[in-house]
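The next block holds one structure in the form of structure tokens; read it before the comments.
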Amino acid sequence: MDLDDASDDHALSVPARSWVVASVGGLVQNGMDPNADDTGELTPTLAADLLDALAAGPDRRAFKRLFAHFAPRVKSYLRRLGAEDQQAEELAQEAMLTVWRRAHLYDRRQAGASTWIFTIARNKRIDAIRRDKRPELDPEDPAIVPEPETPADQQVEASQRQELLRSAVERLPEQQARLLRLSYFEDKSHSTIAEELDLPLGTVKSRLRLALSRLRTLLEETA
Amino acid sequence: MAEHLAPDDLLQEYAAGNLSEPLSLLVATHIALKPESRQTVRFYEDVGGALLEASAPESMSNDAFERVMARIEADAPVVPDGGTAAAPADDAERTREALPEGVRIAADVPAPLRDYLASTGSKASWRHRGGSVAELDLLPDFPGYKTRLLRITAGSRIPQHTHDGAEYTLVLEGSFTDATGRYARGDVSVADDEVTHQPVAGQESDCICLAVTDAPLKMTGPFGRILNYFVDM
């Protein structure tokens, strides 16, 4: 066999999202910038890049960075929602396994990496901790009414949005931040929050609305 | 004409993962039909992502990463999640396949609800509640909620009623009008215990809705008292 032929780029090229190669070829380290700093801060843009790398093929190194950053946060989320340490550990591992398996479905235009991983963790806990089901839409369903195209100059990349939101959340008044955490992190319905804080339901709803619209306005102003 | 989108607090609870299965079903179907609400849910999920990002990490066990890698390596060649059998060609066909024999809907039904309809079995059919209303129970065993598909005959009025809890109604086909406006495909109406309402179905076709009630209805008219008797059966 002619060596030139064997090294022909086309003959060896791997389809960008080939799952067959992923499972038959085993785990190959590829894709990432070899000079990337493995310990530095994981910015939203980098996290989205890592998910894209994982979608392109099995990328242990990209996954390891995502794992190091997100698994402990997912575990913390699950602990706050009532899981024992062991269960939270196992579910966090499950969630990360799902991240690996579904990376090809991640769309960076739609969601930041932490949003996407949040939804995976959320669904795991509904399933395992609350033992309930959460019907979801199927993004491929032709019955879905499509969104109007956003003009290019108004598009804010999801990871950019994420960056802004992260700092905005940190700047919320404690009272509002607490309500958000109760709702997102403690599986508390608005009426349960009202009971626990001894506030009228309307007050809880309006404070939450205030917190959320503040975050929203902030995003829109920056957009 | 004004759209009636689901209230923000319902969308936020859906994004946070705090809604029960019946209400999640209603919201998931609503956002399939209303892109604006879909964007709102996405924003609320972004907030969840930001909170996840800001949370204090809890250390994982030392071998956690290796364990997950071992499971990945042990995987048989996989078909990616979600990419399964080819969907039937057109909208009408998909809906027809999912619907029980005795239940006719012309409009396409989005995925989450379509699956629930299919699961009622091919023999299921409309149960007549007297007069202009027929219904089909979904999730009959879910505690604390009544989840139904309702069909109101074109142009007719449904009996006046109030609610002990809240009633969420998502229009799938046709329309209805009450004191708060006209509701068409994809719109959600929320009636709580303060509201006595008397919806009238549009003339264009029978009105088909997904209705989720978190406590039983109370009929208030004279005819309603008789209906109450049946509702609780």
Side-chain angles (χ1 to χ4, degrees), chain A residues 19-20 23-24 27 60 64 67 71-73 75-77 79 89 92-93 96-97 100-102 104-105 110-112 114-115 117-119 122 125-126 132-138 141-147 161-162 165-166 169-170 180-181 183-185 187 189-190 205 208-209 212 215-216, chain B residues 8-9 12-13 16-21 24-25 28-29 31-35 38-39 42-61 64-65 67-69 71-73 75-82 87 91 94 108-116 186:
Chain A
W19 283 80
V20 178
S23 43
V24 173
L27 302 160
R60 186 186 167 103
K64 190 165 191 174
F67 194 96
R73 285 173 170 80
K75 184 174 176 182
S76 152
Y77 167 74
R79 289 276 285 147
E89 168 86 24
Q93 289 184 21
M96 294 312 294
L97 190 61
W100 173 285
R101 287 183 175 151
R102 301 184 71 119
H104 63 293
L105 297 175
Q110 299 266 351
S114 49
T115 297
I117 293 173
F118 163 74
T119 62
R122 174 196 66 196
R125 73 105 176 149
I126 292 173
D132 200 353
K133 293 203 183 83
R134 184 179 192 279
E136 293 220 321
L137 57 79
D138 168 6
D141 186 359
I144 288 185
V145 177
E147 286 163 46
R161 235 175 30 222
Q162 194 91 65
L165 254 185
R166 198 199 293 188
V169 159
E170 278 158 16
L180 280 186
R181 283 194 303 268
S183 172
Y184 280 89
F185 274 42
D187 194 13
S189 68
H190 296 163
K205 287 194 185 204
L208 260 174
R209 208 174 298 138
L212 291 160
L215 296 175
R216 216 172 184 172
Chain B
D8 268 22
D9 56 330
Q12 188 270 328
E13 294 215 87
N18 298 343
L19 286 186
S20 61
E21 185 180 2
S24 290
L25 175 63
T29 309
I31 63 177
L33 298 173
K34 294 288 180 188
R38 199 151 70 235
Q39 283 170 343
R42 209 174 289 141
F43 167 72
Y44 289 143
E45 288 177 342
D46 278 340
V47 174
L51 289 169
L52 180 70
E53 200 58 67
S55 65
E58 283 227 14
S59 53
M60 297 286 288
S61 61
F65 180 72
R67 277 166 166 242
V68 172
M69 287 314 295
R71 286 179 67 186
I72 290 167
E73 283 164 41
D75 271 348
V78 283
V79 179
D81 290 2
D91 295 358
R94 264 180 296 119
D108 196 19
V109 179
L113 180 57
R114 192 161 66 227
D115 300 339
Y116 280 79

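Chain identifiers are assigned alphabetically (A, B, ...) following the order of the sequence lines, protein sequences preceding nucleic acid strands; residue numbering begins at 1 within each chain. Since the structure is predicted, the reported quantities are computational estimates derived from the model, not experimental observations.
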* Could you verify whether a donor N or O on one side chain and an acceptor N or O on the other, from B:Asp46 and A:Thr115, lie under 3.5 Å apart? => yes
Ignoring hydrogens and geometry, is there a side-chain-to-backbone donor-acceptor pair from [X] to [Y] under 3.5 Å?
| X | Y | answer |
| --- | --- | --- |
| A:Arg125 | B:Gly17 | yes |
| A:Ser76 | B:Ala56 | yes |
| B:Asn18 | A:Ser183 | yes |
| A:Asp141 | B:Ala111 | yes |
| A:Tyr184 | B:Tyr44 | yes |
| B:Arg38 | A:Val145 | yes |

Non-hydrogen side-chain atoms of [X] and [Y] separated by less than 4.5 Å:
| X | Y | value |
| --- | --- | --- |
| B:Gln12 | A:His190 | yes |
| A:Pro135 | B:Glu21 | yes |
| B:Leu51 | A:Phe118 | no |
| A:Leu212 | B:Asp8 | no |
| A:Phe67 | B:Val68 | yes |

* Structure fact -> A:Glu170 meets the salt bridge (Lys or Arg N to Asp or Glu O under 4.0 Å) criterion, sequence neighbours left out, with none
* Quick one: of A:Arg134, A:Arg209, A:Lys205, who has the most non-hydrogen atom pairs under 4.5 Å with chain B? ->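 Looking at each of A:Arg134, A:Arg209, A:Lys205 in turn, A:Arg134 comes out on top.
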* **chain B contacts, top residue of A:Arg181, A:Glu147, A:Arg166 (heavy-atom pairs, under 4.5 Å)** =>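 The option with the most such pairs is A:Glu147.
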* Taking all non-hydrogen atoms of both residues, which atom of B:Asp108 and which atom of A:Ala143 are closest, and how far apart? -> OD2-CB, 3.0 Å
* How far apart are the closest heavy atoms of A:Ala71 and B:Met60, and which atoms are they? -> O-SD, 3.7 Å
* Interface moiety of B:Ser61 toward chain A, non-hydrogen atoms closer than 4.5 Å ->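 Both parts, backbone and side chain.
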* Asked: Under a 4.5 Å heavy-atom cut-off, does chain A meet the side chain of B:Leu19, its backbone, both or neither?
  ->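 Looking at B:Leu19, just its backbone touches chain A.
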Under a 4.5 Å heavy-atom cut-off, does chain B meet the side chain of [X], its backbone, both or neither?
| X | value |
| --- | --- |
| A:Ser189 | both |
| A:Arg73 | both |
| A:Arg79 | side chain |
| A:Leu208 | side chain |
| A:Lys133 | both |

Output the option from [options] having the highest count of non-hydrogen pairs under 4.5 Å with chain A.
| options | result |
| --- | --- |
| B:Ile31, B:Thr29, B:Val47, B:Asp115 | B:Val47 |
| B:Ala64, B:Ala54, B:Ala28 | B:Ala64 |
| B:Pro110, B:Ser59, B:Pro35 | B:Pro35 |

* Does a salt bridge link A:Glu89 with B:Arg67, judged by any charged N lying under 4.0 Å from a carboxylate O? -> no
* Hey, could you give me the CD1/NZ distance between A:Ile144 and B:Lys34, rounded to the nearest 0.5 Å? =>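 Rounded to the nearest 0.5 Å, the CD1-NZ separation comes out at 14.5 Å.
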* Roughly how far apart are B:Glu45 CD and A:Arg122 CZ, rounded to 0.5 Å? ->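 It is 4.5 Å, given to the nearest 0.5 Å.
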* To do: Sequence neighbours left out, what passes side-chain contact (heavy atoms from CB on, under 4.5 Å) with A:Ser114? Give chain and number order.
  => A:Phe70, A:Gln162, B:Glu53
* To do: May I have the step-by-step check of side chain to side chain contact (heavy atoms under 4.5 Å, CB included) for A:Arg60 and B:Glu73, ending in yes or no?
  => CA-CA 11 Å; A:Arg60 186 186 167 103; B:Glu73 283 164 41; 3.7 Å; yes
